[in-house]
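Okay, structure first, notes after.
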Amino acid sequence: MPPAPELISPRSARVSAARRLAKRNFRGKERLFLAEGPQAVREAAGHRVDGTPALVEVFVTVEAAERYADIVGEARTAGARVHLASEDVIADISTTVTPQGLVGVCRFLDTPFEDVLKARPKLVAVLAHVRDPGNAGTVLRCADAAGAEAVVLTDASVDLYNPKAVRASVGSLFHLPVAVGVPVEEAVAGLKGVGVRVLAADGAGDDDLDDELDKGTMGGPTAWVFGNEAWGLPEETRALADAVVRVPIHGMAESLNLATAAAVCLYASARAQRASGGCRSVTLG
C-alpha cells in the first residue's frame, strides 16, 4: 500500500502559505512564487539564485510522486522539502483547472537591470505595457528559444510571477535573466548605453522587417520593445527607439497577436546574428 498523504487538510499551515502565493501582494511580501507541473518543477530544482537553490518545497500527490520520481528525487537533492499531498490539497494550491499533481514553491529569481547591462547582451526582449500574463510568459519562452540573453519587464507590465505567466513560460523563466519593474525610459537608455540598437515592434512602423533584413542592419546587438496587446506602443515609447519596425502582412490577416509578432522579430534577429547551422532544431509543444 502507498503511504497516506502527509497533508490531508487544505487548512494545513503550509498549504495555506502556498495558497496565498496566488496573490501578488503575498508573493511580493514573501518573495516566493508557485511553479506548477513537472517541467517547471524540474527546471526550478536545477536552478540557483545567488548560489541558493530556487526550489523551496514541493507538494505532490502519491500518484504524481510515482510518475515523476526522478523530479521528486532532483527536488530532494536540491534541498527542497517534499510533501506528499492529497488531490484536494493540490487542487487547493493550484491555479489550474486540471492540476498535474505537482506544485513547487520557488524563490524570486529576477535579475537587477544593472546586471543585464553589465553582461552586454546581444538580444533582448523588452515588454512595455504588456498586461496579459499568458502573453508575457509566451514571449519569455520565445525569447529563450531564440537565444535571447535577457528579458526586461517594465514597471507598466504584468507581474513576472503571476501563475499564468509562469505556466506560459514552460520553464523558460529559469533559463535566462529577467529584470522587472524597470521604467521603459530607463530600459531603453540603459540598453543604448551599452551599444544595443533598440527597435520598437509596431504594426504601424515606418520600417519593414523584411527591408531591415535585406539591408543587413539586424546583425548587431538588438533589443525589441513589445507593447500592449490591444493598443500597441504609445507614441512616447516609439519615439525612444532607434527605429519602429512592422512585421509585414503578406496575406489578408488583419494583424498578428503579440506572441506571434514577438517570435517573428526575435527569430529574425537571431537568424541575422548567427551563422548558418548554428541553432538547434525546433521542437513543437
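Here OG of Ser169 is found 8.0 Å from CG of Leu160. Values are rounded to the nearest 0.5 Å. With rounding to the nearest 0.5 Å, the separation of OG1 in Thr52 from NE2 in His47 is 10.5 Å. Distance check: Lys118 NZ to Thr111 OG1 gives 12.0 Å after rounding to the nearest 0.5 Å. Note that CZ of Phe174 and CG of Leu140 are 10.5 Å apart. Values are rounded to the nearest 0.5 Å. To the nearest 0.5 angstrom, Leu123 atom CG is 10.0 Å from Leu176 atom CG. Here CZ of Arg24 is found 4.0 Å from CG of Asp159. Values are rounded to the nearest 0.5 Å.
For the pair Glu57 and Arg14, the salt-bridge criterion is met [side-chain N within less than 4.0 Å of a carboxylate O]. At a threshold of 4.0 Å, the pair Asp92-Arg19 counts as salt-bridged, since one of the basic side-chain nitrogens sits closer than that to a carboxylate oxygen. Salt-bridge annotation for Arg67 and Glu63: present, with a side-chain N of the basic residue lying under 4.0 Å from a carboxylate O of the acidic one.
Minimum interatomic distance between Val247 and Ala261 (heavy atoms only, all atoms of both residues): CG2-O, 4.4 Å. Nearest heavy atom pair, residue Leu153 against residue Val158, reads CD2-O, 3.3 Å. Contact detail for Ala91 and Pro99: the closest heavy-atom pair is CA-CG, 4.3 Å. The minimum heavy-atom distance between Ala44 and Cys106, with the atom names listed, is CB-SG, 3.7 Å. Ile90 approaches Val60 most closely through the heavy-atom pair CD1-N, 3.9 Å. Between Val166 and Ala35, the closest heavy-atom pair is CG1-CA, 4.2 Å.
Side chain to side chain, His129 and Asp155 fail the donor-acceptor criterion of an N or O pair below 3.5 Å. In this model, a donor atom of one side chain and an acceptor atom of the other lie less than 3.5 Å apart for Thr217 and Glu212. With no hydrogens or angles considered, a side-chain donor-acceptor pair links Thr260 and Asn257 at under 3.5 Å.
Note: the hydrophobic cluster containing Leu127 does not contain Val124 (ILVMFWY, side chain heavy atoms under 4.5 Å, direct or indirect links). Clustering ILVMFWY residues whenever any of their side-chain heavy atoms sit less than 4.5 angstrom apart, transitively, puts Met218 in a cluster other than the one holding Leu191. Hydrophobic clustering places Val82 together with Leu55 (ILVMFWY residues linked when any side-chain heavy atoms are closer than 4.5 Å, directly or through intermediates). Using a 4.5 Å cut-off between side-chain heavy atoms of Ile, Leu, Val, Met, Phe, Trp and Tyr, with links allowed through other members, Val244 and Val198 fall into different hydrophobic clusters. Leu258 is not connected to Tyr267 by any chain of hydrophobic side-chain contacts under 4.5 Å among Ile, Leu, Val, Met, Phe, Trp and Tyr, and they are in different clusters.
Atom CG of Asp50 is surrounded by 12 or fewer heavy atoms from other residues, nucleotides or ligands within 6.0 Å. Counted within 6.0 Å of NZ on Lys215, heavy atoms from surrounding residues, nucleotides or ligands total more than 12; the atom is thus considered enclosed.
Counting only distance, with no hydrogens or angles, the side chain of Arg246 and the backbone of Gly205 share a donor-acceptor pair below 3.5 Å. The backbone N or O of Val130 lies less than 3.5 Å from a partner atom in the side chain of Ser157, making a donor-acceptor pair. Under the 3.5 Å distance criterion, the side-chain polar atoms of Ser269 are left unmatched by any main-chain donor or acceptor of Leu266. A donor-acceptor pair is defined here as one N or O able to donate and one able to accept, closer than 3.5 Å; no such pair exists between the side chain of Asp110 and the backbone of Ala179. When atom types are taken as modelled, the side chain of His83 and the backbone of Phe59 share no donor-acceptor pair closer than 3.5 angstrom. In this structure, the side chain of Arg31 does not engage the main chain of Arg107 through any donor-acceptor pair within 3.5 Å. The backbone N or O of Pro38 sits nowhere less than 3.5 Å from a side-chain atom of Gln100 that would complete a donor-acceptor pair. At least one donor-acceptor pair under 3.5 Å links the side chain of Lys192 to the backbone N or O of Leu240. Arg131 contributes a side-chain N or O that, together with a main-chain N or O of Ala156, makes up a donor-acceptor pair within less than 3.5 Å. Counting only distance, with no hydrogens or angles, the side chain of Arg238 and the backbone of Leu233 share a donor-acceptor pair below 3.5 Å.
A search for salt bridge (charged side-chain N to carboxylate O under 4.0 Å, His left out) contacts involving Glu36 returns Arg167, not counting sequence neighbours.
The closest side-chain heavy-atom distance from Arg27 to Asn162 is below 4.5 Å. No side-chain heavy atom of Thr61 sits less than 4.5 Å from a side-chain heavy atom of Tyr68.
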Hey, can you pull the donor-acceptor pairs under 3.5 Å for the side chains in residues 72-80, sequence neighbours left out?
{"residue": "Glu74", "atom": "OE2", "partner": "Arg42", "partner atom": "NH1", "Å": "3.2"}
{"residue": "Thr77", "atom": "OG1", "partner": "Gly73", "partner atom": "O", "Å": "2.9"}

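Using a 30° and 60° split on the angle between ring planes, Phe108 and Tyr161 fall in the parallel class, below 30°.
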task: Could you check Glu236 against Val184 for side chain to side chain contact (heavy atoms under 4.5 Å, CB included), going step by step and ending with a plain yes or no?
output: CA-CA 10 Å; Glu236 56 269 25; Val184 66; over 6 Å; no
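In summary, of the residues considered (Val139, Val126, Val245), a side-chain contact (heavy atoms from CB on, under 4.5 Å) with Trp224 occurs for Val245 alone.
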